Amino acid sequence: MSDNDSSDSSVEESTPETDLLIEQPTHHPIFENVTLEGRDSSRPSIHILSDDCIYLVLEYLDVIEIMQLATVCKRWYNLCINKMSLVSKIELNPTFSIFRLNRPLSQSNFISLLGLTGQNLIQLDVSNSSLRLDWASCKAISELCPRLEELNLSKMKINNKLATCFSQFLPRNLKSLILNGCVHFKEKCLEHILRNSKELTKLDLSYNHKITGGCIMKQLEKNKMTHFNFTECYRLKPIAVQFVLANFENTLEHLDLSLCPGNIFNISTDQMPILKKLKVFNVKSLVDDSQPTCDIMTNFIRLMPNLEVLDLENNYNIDMDKFVGTLSQLCPNIRHLNLSCCMPKNAQSLSSLSLLQHLDTLHLNELPKRFDYKELVDSTLVHCSKLKYISLQASCVDDESVFALIAGLKNLQTIDLRSCILPLDGTFIILCQDLDRQEPLKVLAQDTVMQEEEFSLIPVFLHINFGLPHFQDDYDGFFGGPYDEFEDGFGFDNVDYLDEDDFWGGAYVDEAGQFGGPGYDYHPDYQEVDEDGGWW
């Protein structure tokens, strides 16, 4: 029996409980002679509700329940079809889902769902879900979703066999393909998938450790791609990066090389074209000591005159005294800059930031000891009139320095002081009482010694978020992510608290996929909950 036949038979043999391929129902005999007009309103019945009320009820049902509801009668069928047919985006990711999924979704239910929503579907996200993709699923995506433009298959198991299926059934209009951290995903799999992706413009290959990028040079057309994400592609070759820089100069807008090997910069940029549309360039935390020097990074920046977002976190080999001045001249449109852990010697090293008139977000986490923040404000940041957010996480900042930042930066909206090394006793709050400031200012003060109840006279403009003690959110603001920093006793060495993706709390999450919510299904060892059912 062929692979295709076996896949088809697996769909046809689904059990009656999970097989919900929907056919238009007929009225139940009990309602045969009943009409909505003239009905006795004293007799309770859901049929007296208007369509708008029914649509509100459907908001509380998960996907499978809606599909079951569509089999009740003609009216319910039409209401369910109308609701589902308007959907343009489906996320089956259990953490962030447009529909609630309280049970695993079978292949047959998935195909039924596409049958209801596919005609208008533009975005489909099955990342990290319980769905097992097979030949029938791939075919359904291609045939039932003719307008699909974005497909997210992150964390799914994709081997050569399944990749071959995708090469046959990939939607024709697909423009964005996200393959973040796929299991068993190799270079050959990517080659199969890209073979028929003629309209593709965005490609996310982050956290695929076996990708070298060689097939990109074979399969992708010149000046078509706008986005590349190679985050943590340990085996990415310099020749692949050179191909991207040389062949997409008129279209490339976003390039992420974070956590890639440092040797990817061992290429010549002399003959490279100017990347006219590149606006986002991330080179955060390269995985070895062969980090780019100031001269090498300057040569790359010269190709990006219209750059708006630059992330250089943890690139400590770059001399900030030289680079910041060069950056301000070559890329004057920078609005988001991350120089965390880049070890500037002093405030004078960052003085050229005053030339970045569009700068609105600045990350300076883990600044060295004895850093003069007042000089940084007075000589540099005060000239950045659009600066709204500054992060000083894990820096040696004291109360007087915080006050200098608040007093000197009138347009600042958020200052991040999480995990600051020096104790903050809240003296800056007392100093701020005399400030004449109208615009609200949010202060992120998690992991500080300040206690909310100690300050009864906090100025109206100050909004201090003390958050959870001893814990720090990850870079996406989501508690428990793989980048969280934990107090002693909750570190990554304690595998009992981490699932396979380094997600703190493991599989013990609530219905929305969030750790510690009111619907939390607790392990017997985790019984410390509050009166609302939240953890602690």
Side-chain angles (χ1 to χ4, degrees), residues 158 163 166-167 170 174-182 185-284 286-288 290-293 295-307 309-312 315 331:
I158 302 179
F166 270 113
S167 68
L170 211 61
L174 192 66
K175 296 180 180 179
S176 176
L177 182 59
I178 304 174
L179 301 167
N180 186 327
C182 293
F185 195 69
K186 301 179 181 179
E187 186 79 11
K188 196 67 175 178
C189 303
L190 179 61
E191 184 175 354
H192 286 312
I193 291 177
L194 295 182
R195 186 170 296 152
N196 294 321
S197 305
K198 302 303 181 183
E199 300 298 324
L200 198 64
T201 60
K202 299 180 181 180
L203 181 61
D204 186 343
L205 298 173
S206 53
Y207 304 101
N208 286 293
H209 299 164
K210 297 182 180 180
I211 295 298
T212 64
C215 66
I216 291 177
M217 297 182 286
K218 301 177 184 178
Q219 303 295 341
L220 295 181
E221 298 180 6
K222 183 177 180 180
N223 280 331
K224 194 102 178 188
M225 301 295 294
T226 61
H227 288 64
F228 280 105
N229 190 344
F230 296 111
T231 299
E232 204 174 297
C233 290
Y234 292 154
R235 299 186 182 181
L236 187 67
K237 294 182 177 180
I239 191 173
V241 177
Q242 186 174 11
F243 174 82
V244 169
L245 296 177
N247 289 275
F248 301 101
E249 71 273 14
N250 294 323
T251 57
L252 190 61
E253 299 176 4
H254 183 118
L255 179 60
D256 197 327
L257 299 175
S258 300
L259 298 171
C260 287
N263 65 356
I264 59 174
F265 291 95
N266 296 340
I267 57 178
S268 175
T269 59
D270 294 340
Q271 303 299 324
M272 291 288 182
I274 298 297
L275 302 173
K276 302 174 183 177
K277 293 190 176 182
L278 188 66
K279 299 184 183 302
V280 180
F281 186 42
N282 295 333
V283 201
K284 178 171 60 180
L286 299 179
V287 298
D288 52 35
S290 57
Q291 296 186 352
T293 62
D295 292 338
I296 292 177
M297 186 55 65
T298 298
N299 290 335
F300 272 80
I301 295 300
R302 291 184 192 278
L303 306 176
M304 311 168 184
N306 297 315
L307 199 63
V309 179
L310 177 61
D311 188 342
L312 293 175
N315 283 278
C331 305

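Quick caveat: nothing in here was measured; it's all calculated off a predicted structure.
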Could you check whether any side-chain N or O of T226 sits under 3.5 Å from a backbone N or O of T201, counting only pairs where one atom can act as donor and the other as acceptor?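 Side chain of T226 to backbone of T201: a pair is present.
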
Is the side chain of N208 donor-acceptor paired with the backbone N or O of C182 at a distance under 3.5 Å, no angle test?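 Looks like yes, one N/O pair under 3.5 Å.
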
For [X] and [Y], work out which heavy atoms get closest and say how close.
{"X": "C233", "Y": "I211", "answer": "CB-O, 4.4 Å"}
{"X": "Y234", "Y": "P261", "answer": "O-CG, 3.2 Å"}
{"X": "N263", "Y": "P238", "answer": "O-CG, 3.2 Å"}
{"X": "I158", "Y": "C189", "answer": "O-SG, 3.8 Å"}
{"X": "H254", "Y": "N282", "answer": "NE2-ND2, 4.2 Å"}
{"X": "K224", "Y": "T251", "answer": "N-OG1, 3.7 Å"}

Partners meeting side chain to side chain donor-acceptor pair (under 3.5 Å) with S206 (sequence neighbours left out):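 In terms of side chain to side chain donor-acceptor pair (under 3.5 Å), with neighbours along the sequence ignored, S206 is linked to N180, D204.
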
Using salt bridge (charged side-chain N to carboxylate O under 4.0 Å, His left out) as the criterion, list what pairs up with K202, not counting sequence neighbours.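 With sequence neighbours excluded, K202 shows a salt bridge (charged side-chain N to carboxylate O under 4.0 Å, His left out) to no residue whatsoever.
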
Any residue meeting side-chain contact (heavy atoms from CB on, under 4.5 Å) with [X], in chain and number order, not counting sequence neighbours:
{"X": "V244", "result": "F228, F230, F248, L252, L255"}
{"X": "T293", "result": "D295, I296"}
{"X": "S167", "result": "T164, H192, N196"}
{"X": "M217", "result": "I239, F243"}

When rounded to the nearest 0.5 angstrom, what distance separates [atom1] in [X] from [atom2] in [Y]?
{"X": "L310", "Y": "C331", "atom1": "CG", "atom2": "SG", "answer": "7.5 Å"}
{"X": "L205", "Y": "L236", "atom1": "CG", "atom2": "CG", "answer": "9.0 Å"}
{"X": "M304", "Y": "I274", "atom1": "CE", "atom2": "CD1", "answer": "10.0 Å"}
{"X": "F166", "Y": "L194", "atom1": "CZ", "atom2": "CG", "answer": "12.5 Å"}
{"X": "N250", "Y": "N223", "atom1": "CG", "atom2": "CG", "answer": "4.5 Å"}
{"X": "K175", "Y": "L203", "atom1": "NZ", "atom2": "CG", "answer": "16.0 Å"}

Any pair counted as salt bridge (charged side-chain N to carboxylate O under 4.0 Å, His left out), so long as it reaches residues 237-261, sequence neighbours left out: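 Pairs touching residues 237-261 that pass the test: none.
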
Within residues 261-283 or reaching into it, pairs that qualify as salt bridge (charged side-chain N to carboxylate O under 4.0 Å, His left out) - sequence neighbours excluded: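 Salt bridge (charged side-chain N to carboxylate O under 4.0 Å, His left out) check on residues 261-283 returns K279-E308.
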
By ring pair (Phe, Tyr, Trp, His ring centres under 6.0 Å), which residues pair with F281, not counting sequence neighbours?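 So F281 forms no ring pair (Phe, Tyr, Trp, His ring centres under 6.0 Å) with any residue.
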
Can you list every pair that meets side chain to side chain donor-acceptor pair (under 3.5 Å) and has a residue in residues 212-222, with sequence neighbours left out?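 Non-adjacent pairs meeting side chain to side chain donor-acceptor pair (under 3.5 Å): E187-T212.
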
So do the side chains of [X] and [Y] get within less than 4.5 Å of each other, counting heavy atoms only?
{"X": "S258", "Y": "V283", "answer": "no"}
{"X": "L278", "Y": "N306", "answer": "no"}
{"X": "I193", "Y": "F185", "answer": "yes"}

C260/T231 under side chain to side chain contact (heavy atoms under 4.5 Å, CB included): CA gap, chis, key distance, verdict: CA-CA 6 Å; C260 287; T231 299; over 6 Å; no

With H209 as reference, evaluate R235, K186, E232 under the side-chain hydrogen bond (donor to acceptor under 3.5 Å, both in side chains) test and give the passing residue.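 Passing option: E232.
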
Does the pair L170 and L200 meet the rule for a side chain to side chain contact (heavy atoms under 4.5 Å, CB included), with working shown? CA-CA 11 Å; L170 211 61; L200 198 64; over 6 Å; no

